[in-house]
Protein chains: 2
Amino acid sequence: MSEKPHGDAAPSRRAVLGWGGAGLALGAAAVGGTVAVAGAGEDGPSSSDGVVPFHGRHQAGIATPVQDRLHFAAFDVRTKDRAELVRMLKEWTRAAERMTAGRAVGEGAYGGIPEAPPDDTGEALGLPASRLTLTIGFGPSLFDDRFGLAGRRPDALEDLPKFPGDNLDPARSGGDLCVQACADDPQVAVHAIRNLTRIGFGTVAIRWSQLGFGKTSSTTPEAQTPRNLFGFKDGTRNISGTDTASLDQHVWAGGGNAGWMAGGSYLVARRIRMNVETWDRTSLQEQEDVFGRDKRRGAAVGRSGEHDEPFLKAMKPDSHVRLAHPDSNGGAAMLRRGYSFTDGTDGLGRLDAGLFFLAYQSDPRTGFVPVQRALARSDALNEYIQHVGSALFAVPPGVRDEDDWWGRALFT
Amino acid sequence: MSEKPHGDAAPSRRAVLGWGGAGLALGAAAVGGTVAVAGAGEDGPSSSDGVVPFHGRHQAGIATPVQDRLHFAAFDVRTKDRAELVRMLKEWTRAAERMTAGRAVGEGAYGGIPEAPPDDTGEALGLPASRLTLTIGFGPSLFDDRFGLAGRRPDALEDLPKFPGDNLDPARSGGDLCVQACADDPQVAVHAIRNLTRIGFGTVAIRWSQLGFGKTSSTTPEAQTPRNLFGFKDGTRNISGTDTASLDQHVWAGGGNAGWMAGGSYLVARRIRMNVETWDRTSLQEQEDVFGRDKRRGAAVGRSGEHDEPFLKAMKPDSHVRLAHPDSNGGAAMLRRGYSFTDGTDGLGRLDAGLFFLAYQSDPRTGFVPVQRALARSDALNEYIQHVGSALFAVPPGVRDEDDWWGRALFT
Ligand code: HEM
Ligand code: HEM
């Protein structure tokens, strides 16, 4: 997790920017990522803190231990020129390599050319990598007739059905592309999305974005389970990021009809508004019945420890956990990686807050869809929540090395 | 800073909730705050981590070292009943004492009475106090004819003038009351505002609220200066929270015509949208000219170290630092304590981001107002920013002890 992808001496984000004349040379040398630079900057930690390797068979940000904060952006592609889109994806990949390593975007010229805008927007200078991961996804709409990709659309990327109770805002749904930025410092996550957006200027534009302030799942069983905005432990039963067998079975996509997706995953994103004011007025008993778990410990009905196996028949038939459990859905499972959000207050003085639900799976048709069908029909939780945004993305496999780029297997 | 307000054995937030039958006794005993409770909970750190004392001559959250995150809420009072408002302020004070100590709201019955809603919403259970501070303020509108306070309105609480360039949204401005919640963990800050809102249900309602994800000032000179969303170090020259003489001169209010404000302060809050897309396209030279400081080190024009005294005449006449400096404003100074925000994306795909500017001063008429007049007229920064929300609050002195309450001197 704190392994350095580019050797020990890669210049930090801070070291690269604004080095005056020296910045040019340093920047150029940094392309290969192997220059030796005196790590001693003026202030701030060095970039070796909390670096999650960017390269690998799978993209980081899925099985990776969940970071504290999220900035998620969905983009529309504005160009009709496939080559331009490919150029941008290559540029994005190089920038993502640098930023996830705690380095500034771009390859020099920071402060070296006062007449030019700096390559990096600068607000993350001096901050450590903060376990930043950047994860790209391709939405169903990318596979229309604009880029000649129609024939490459995976069957698994079938549009989600409309579920009962959905109240989806098109302005918070869909997108040709997405980038999930997770980091322990929100400034680092926001910086990453902003710089990718800037690189993509003219080629893509943000369609919607979402900030998440508190993780609601852990994918590391040892960690303390976080609590969601209803005050319950969330993520108790989840696929662990270290459970290779479960990941292979439920999270990583095989090729199917789309070989380019082997080693990738499918991401379902749902903005779910939680009516906290109503919830806060319901009794503890009702709250515990709704989930089928107790509020203090997170133990399933009739069990005493959080991690004791739930006994589903002891729960009310409409309890969330009973309905969502794999045993009630023919084994369906997914890796949940959502975040709590609050976006201020709505027109009625109520907190506009909820869960930005993110789930990764090998195939949504056998993962999210059947589970959400069951929940939408009967979940006792439905009285307190509403799905207001929805998106689906094919998340390609990882970038192997510095010659590879996001989406290469799809576009070549 | 990690001193415990209630002795060593105050039950933690986690320990209080859901203790079943024991919770009742424990809660009741905890009123005095001196019960000895075995601190060993199931998981999570104890409440002694990062507790900022709530009681004192001044409210915490002003001179206090700046925490990482903010949730700020402005409230309208919905009742016309002064006694009801006073009752709520007392309840708020007791809840604030508990939450800032890392404890749950309420005095027991968590989980003890399944038929009742829990007193605490629960999402911060198991989290440390995270240096939470809660700071209350009273807006000009509170001093109308509803509560018989018209005669007690401080002269210093004069409505802010309209400044050139202001584009204020009434829905993001004003408020009868405000609470500033600062903590190192956003979940703790959000939890605090939510629980105060819940206690105030029927008496007050949130008018607007603002989440801040990155501090833009430090009030501790030793700390690394954070960067704002334009990538510049922000807070280099600020009133230090340990500089008693400066605080007495510029931040703490005397009584003036309103004796109840002695030891308090006045807070100006401005939501300032920053046009990051335009900024990111300007040259480094222009960026540095706008501020009068260099981007890498934060040094003033012609100086080499961040903390070298600025030489104002070396800066362009319309540079932000030159115009804002006390020497250009007859000595006017304030303690800035703002946060960066991003609230997603606007309808044009641009980041809705900026600075939630917070400044404390002994009198806005000699603090914020003259400085902002100068800035609104000539600041080169105006090309890249716009003030879109505004509010002003009289921030009363601190709560002395467990018999005192927020606003006592005003209401009695
Ligand atoms: C605001 C909405 C939601 C809230 C507050 C919520 C909360 C919870 C909580 C507290 C648990 C129990 C602890 C745990 O095992 O993680 C849980 C379990 C679970 N939830 Fe949700 N959830 C929400 C929406 C969803 C949705 C939309 C899905 C998928 C369609 C889902 C799927 C699951 C699954 C698969 C489990 C684990 C069940 C088990 O194996 O025992 N949840 N959820
Ligand atoms: C988005 C809007 C703003 C941005 C990005 C911004 C940024 C900055 C920066 C980078 C500095 C230099 C570093 C420092 O000494 O802290 C600074 C200084 C300062 N700013 Fe601002 N500022 C903004 C708005 C304001 C406003 C509205 C006021 C008050 C009316 C203000 C008052 C000051 C003061 C008093 C200083 C210190 C000047 C000195 O003593 O050298 N700023 N600001």
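Minimum heavy-atom separation, A:S283 to B:P118: C-CD, 4.5 Å. Taking every heavy atom of both residues into account, A:T345 and B:S209 meet most closely at OG1-OG, 2.9 Å.
Highest contact tally toward chain A, considering only B:I206, B:D280, B:D346, is held by B:D280 [criterion: heavy-atom pairs under 4.5 Å]. In terms of heavy-atom pairs under 4.5 Å with chain B, the best-connected choice from A:T342, A:T197, A:D294 is A:T342. Between chain A and the options B:R207, B:H71, B:R69, the largest number of non-hydrogen pairs under 4.5 Å is found for B:R69. Residue with the most contacts toward chain A among B:R198, B:Q287, B:E286: B:R198 (heavy-atom pairs, distance under 4.5 Å). Counting heavy-atom pairs under 4.5 Å between each of B:L351, B:D352, B:V276 and chain A puts B:V276 at the top.
To the nearest 0.5 angstrom, A:F341 atom CZ is 11.5 Å from B:L211 atom CG. Rounding to the nearest 0.5 angstrom, the gap separating the CH2 atom in A:W279 from the OG1 atom in B:T121 is 11.5 Å.
With a threshold of 4.5 angstrom between heavy atoms, B:R350 does not approach chain A through any atom at all. Proximity to chain A (any heavy atom under 4.5 Å) is restricted, for B:A116, to the backbone atoms N, CA, C and O. For A:Q210, no part lies under 4.5 angstrom from a heavy atom of chain B. Contacts between A:D343 and chain B at a heavy-atom distance below 4.5 Å are absent for every atom of the residue.
Without hydrogens or angle criteria, B:R194 side chain to A:L229 main chain gives a donor-acceptor distance under 3.5 Å. A:Q187 places a side-chain N or O within 3.5 Å of a backbone atom of B:R227 that can act as its donor or acceptor partner.
Annotation: side chain of A:L284 is not in contact with side chain of B:I113 (no heavy-atom distance under 4.5 Å). By the 4.5 Å heavy-atom criterion applied to side chains, B:F201 and A:R281 are counted as neighbours. Counting only heavy atoms from C-beta outward, the side chains of B:S340 and A:E123 never approach each other to under 4.5 Å.
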